[in-house]
Amino acid sequence: MLKTEGLTLHYGGSQILHGIDIEAAAGEVTCVMGTNGVGKTSLLKAISGTHPRSGGRMELAGEQIGRVPAQALARKGVGYVPQGRMIFPLLTVKENMETAYACLPRDEHFIPDEIYELFPILKEFLGRRGGDLSGGQQQQLAIARAMLTKPKLLLLDEPTEGIQPNIIQQIGRVIEYLRDRGDMAIILVEQYFEFAYGLADRFVVMKRGSVSMAGSREELSKEELKQAVSV
């Protein structure tokens with residue numbers, strides 16, 4: 001579903017990503033791991049178009065993707081749940097979800113029952129402002145909003161950060177459900193090792209803006225991964 005070759009990214013005069021080659025397949029969770037500051041979030045920003053990549057090639061579902069803005073990538077099927085969730089605090093839960101309609105044809109401007117089945121609290125809080133939700137509820141809203149765009153590729157940046165344990169478990173079940181549907185590739189950036197290891201089919205370990213290790217669950221042992229991502 002996604003393939004990058006030699007992907008690079010700069011912030012001003014500083015190069016942050018150095019020739020990233022990764023692949024993510026439909027029906028799989030690819031987990032990007034590494035310590036703070038190695039470029040994990042920058043990688044998701046480059047893939048989603050929220051920060052333009054400096055160089056390299058990117059393919060989505062076999063289509064070569066140029067350096068296009070985030071809204072164009074969203075319409076092509078890239079769903080992005082950024083670190084910090086970035087929901088609109090003054091919009092209601094319903095209005096936050098409806099912002100996804102910008103990526104959809106008019107006849108698909110509705111919230112399917114699947115969203116409420118996965119996130120029952122959102123149906124209960126439809127009229128509540130996004131800023132009044134707890135961190136866990138905001139995370140559920142951010143994932144639901146991304147799902148509404150019907151992504152081929154879903155990017156999740158630290159979805160467990162600052163979230164209570166019961167919501168972490170629910171988010172894990174939602175990721176498993178989306179993976180098992182088989183029509184979506186998921187890239188997960190996650191510091192919570194046990195959560196990431198329990199979900200991932202493939203692993204990409206980053207150090208200093210480069211890929212230092214990559215492989216499937218069968219190819220990489222838990223001990224190897226733990227050692228690779230430790231400080």
Side-chain angles (χ1 to χ4, degrees), residues 1-2 24-32 41 44-45 47-50 60-61 70-89 91-130 133-161 163 166-190 195-196 199-201:
M1 190 64 79
L2 174 78
E28 289 187 357
V29 175
T30 301
C31 185
V32 179
T41 291
L44 294 196
K45 286 182 176 180
I47 293 170
S48 66
T50 53
L60 180 69
Q71 62 266 31
L73 280 165
R75 290 191 179 98
K76 286 181 178 294
V78 178
Y80 182 33
V81 181
Q83 191 173 21
R85 301 175 279 276
M86 301 296 178
I87 57 100
F88 297 102
L91 298 185
T92 65
V93 165
K94 186 169 187 283
E95 288 166 343
N96 265 278
M97 289 194 286
E98 287 173 345
T99 62
Y101 293 170
C103 298
L104 299 172
R106 185 167 293 277
D107 63 351
E108 294 180 19
H109 287 193
F110 62 91
I111 300 169
D113 291 340
E114 177 187 49
I115 295 293
Y116 298 131
E117 289 164 7
L118 293 172
F119 304 109
I121 196 70
L122 298 183
K123 189 168 190 178
E124 188 178 332
F125 287 172
L126 276 178
R128 189 171 295 193
R129 291 196 307 185
L133 302 182
S134 71
Q137 291 161 355
Q138 288 184 2
Q139 188 67 66
Q140 293 176 75
L141 174 56
I143 295 172
R145 181 177 60 187
M147 284 177 58
L148 279 165
T149 67
K150 301 187 176 179
K152 302 171 186 172
L153 172 68
L154 180 63
L155 309 173
L156 299 169
D157 194 355
E158 303 277 8
T160 69
E161 185 178 47
I163 306 299
N166 64 315
I167 302 296
I168 290 175
Q169 291 174 2
Q170 183 189 8
I171 288 171
R173 289 192 294 270
V174 169
I175 294 171
E176 287 176 339
Y177 166 80
L178 295 175
R179 175 191 63 199
D180 293 346
R181 272 194 348 198
D183 59 352
M184 180 191 303
I186 300 170
I187 296 182
L188 171 68
V189 165
E190 184 53 63
F195 178 84
L199 286 169
D201 300 286

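Basis for what follows: all heavy atoms, side chains included, without hydrogens, waters or symmetry-related copies.
In this structure, Thr149 and Ala100 approach most closely via the heavy-atom pair CG2-CB, 3.7 Å. A pairwise comparison of heavy atoms in Pro89 and Ile87 identifies CD-O, 3.3 Å as the closest pair. Closest non-hydrogen pair, Ala25 versus Ala185, comes out as O-CB, 3.3 Å. Across all non-hydrogen atoms, the minimal contact from Gly130 to Asn96 is CA-ND2, 4.2 Å. Nearest heavy atoms, Leu122 versus Ala144: CD1-CB, 3.6 Å. In plain terms, the two heavy atoms of Ser48 and Leu155 that are nearest each other are CB-CD1, 3.8 Å.
Not a single donor-acceptor pair under 3.5 Å links the side chain of Glu98 to the backbone N or O of Ile111. Under a 3.5 Å cut-off, the side chain of Glu95 and the backbone N or O of Thr92 do form a donor-acceptor pair.
Once rounded to the nearest 0.5 Å, the distance linking CD1 of Ile47 with OH of Tyr80 reads 9.5 Å. Taken to the nearest 0.5 Å, the CD atom of Gln170 stands 9.0 Å off from the CD1 atom of Ile121. Within the model, atoms CZ of Arg145 and CG of Leu148 stand 10.0 Å from one another, a figure rounded to the nearest 0.5 Å. Distance check, rounded to the nearest 0.5 Å: SG of Cys31 to CG of Leu199 gives 8.0 Å. Atom CD of Glu108 and atom SG of Cys103 lie 11.0 Å apart (nearest 0.5 Å). Note that CE of Met1 and OG1 of Thr30 are 11.5 Å apart. Values are rounded to the nearest 0.5 Å.
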Next on the checklist: Go through it in stages, so that I can follow the logic: the residues are Ile163 and Arg85, the test is side-chain contact (heavy atoms from CB on, under 4.5 Å), and I'd like the CA-CA distance, side-chain angles, deciding distance and then a yes or no.
Outcome noted: CA-CA 12 Å; Ile163 306 299; Arg85 301 175 279 276; 3.7 Å; yes
Item to check | Worked verdict on Thr160 versus Ile171 for side-chain contact (heavy atoms from CB on, under 4.5 Å) | outcome: CA-CA 8 Å; Thr160 69; Ile171 288 171; 5.5 Å; no
Item to check | Verdict with supporting geometry, Leu156 and Ile186, side-chain contact (heavy atoms from CB on, under 4.5 Å) | outcome: CA-CA 8 Å; Leu156 299 169; Ile186 300 170; 4.0 Å; yes
Next on the checklist: For Glu114 and Arg181: C-alpha separation, side-chain torsions, deciding distance, then whether salt bridge (charged side-chain N to carboxylate O under 4.0 Å, His left out) applies.
Outcome noted: CA-CA 12 Å; Glu114 177 187 49; Arg181 272 194 348 198; 2.8 Å; yes
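Residues Val32 and Ile187 form a side-chain contact, since some pair of their non-hydrogen atoms from C-beta on lies under 4.5 Å apart. Side chains of Lys152 and Met184 form no contact here, defined as non-hydrogen atoms less than 4.5 Å apart. Met147 is listed as a side-chain neighbour of Leu178, based on a closest heavy-atom distance under 4.5 Å. At least one side-chain heavy atom of Lys150 sits under 4.5 Å from a side-chain heavy atom of Leu104. Residues Asp201 and Arg179 form a side-chain contact, since some pair of their non-hydrogen atoms from C-beta on lies under 4.5 Å apart. The side-chain heavy atoms of Phe125 and Gln137, taken from C-beta on, include a pair separated by under 4.5 Å. Contact check for Leu141 versus Met97: side-chain heavy atoms found under the 4.5 Å cut-off. With a 4.5 Å cut-off on side-chain heavy atoms, Val189 and Leu44 count as touching.
Taking the side chain to side chain donor-acceptor pair (under 3.5 Å) definition, one finds that Thr99 meets it with nothing, sequence neighbours left out.
For Asp180, the CG atom counts as densely surrounded, since its 6.0 Å shell holds more than 12 non-hydrogen atoms of other residues, nucleotides or ligands.
Each of Leu2, Leu154, Leu60 was checked for a side chain to side chain contact (heavy atoms under 4.5 Å, CB included) with Val78, and the lone residue meeting it is Leu60.
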